[in-house]
Amino acid sequence: MGSPRIHAIRTGLVQVRRAQMASQGSGPGRVTWMLFDENWTEWLPIYAWAIEHDEGVIVVDTGETAQVHVRGYHPSWHPFYRRAVRFSVHPDEEIGPRLRALGISPRDVRHVVLTHLHTDHAGGLAHLTGSKIWVAKQEFERAQGWGGRIQGYLPHRWPKWWQPEWIQFASGTVGPFKQSMALTKAEDVLIVPTPGHTPHHASVIVRGSPSFFLAGDTSYNQQLLLEETCDGVSPNHAVTLETLRRIRRLANEEPLVYLPSHDPESAERLARASVLPDLTAAAARIP
Ligand SMILES: [Zn+2]
């Protein structure tokens, strides 16, 4: 059995306000900060991931769709879409064509895991007609109806045929993560709960040496994880920080490559298998 091969799939670019990437303060005012911050981030990648595994192909997140450029795709009444986000997605960058370019037929994808349901993670669902598509039930419920749309989800854009499979954490511990869900019989691809950015956000670990952490939006980049800086979206900072620390603890227990969806350096870290620094060891070396 070969070790699974992971591909970074860039499904276009996104820009957000700086205050979304790194929170300004922790009160309710930080949402206002996000909308009225004049400073944009640089153009950030929107990554999805494909894992070529002996038991079948697993895709993590589906990226964004080029439909974002069609007038009316985003709700024009929504302040976030009016003020706080810009997309650049070409039709060839959608996950379907990207998978085909890798020699993977989208219909052969066995599992899709959605870290959460924000549009730039669920926008490519229409390409994945033959897969089991896993998401946390509470995340799905949060995205429903007008409540979901006010929070920026676009449930009316999901394909009508989609029947989600609910993630259930019935497998054992993975380092500091008390629960997991194994996606493969080999138990080397596991979903773990990483609440924070959304309350039922999940991440995927591909275990090996090193292991790879497909992080979704636990933080917008690796530096923010190392600094333990909370994003501007997380409803509860304490929960987000707990997750960031848990990821750091896992990285101290086993070599771990950290791959957030919007980190410009994720693809290179994947290619070089650059692991997170073990900061407990680094601290111990300081005399
Ligand atoms: Zn998100």
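Indexing begins at 1, ligand by ligand and atom by atom, following the structure's order. If you're wondering where the values come from, they're calculated on a predicted model, not measured in any experiment.
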Do you reckon L13 sits in the same ILVMFWY cluster as V70, going by side-chain contacts under 4.5 Å, direct or chained?
-> no
Mind checking whether L214 and L276 sit in one hydrophobic cluster, side chains of I, L, V, M, F, W, Y counted as touching below 4.5 Å?
-> no
How is the N/O/S atom of D217 that comes nearest to the Zn ion (ligand 1) named?
-> OD2
Among the N, O or S atoms of H118, the one nearest the Zn ion (ligand 1) = ND1
When the ring centroid of F87 is compared with that of W43, is the distance short of 6.0 Å?
-> no
When the ring centroid of H116 is compared with that of H200, is the distance short of 6.0 Å?
-> no
Looking at the Zn ion (ligand 1), is one of the N, O or S atoms of H116 less than 2.8 Å from it?
-> yes
Does H197 bring an N, O or S atom to within less than 2.8 Å of the Zn ion (ligand 1)?
-> yes
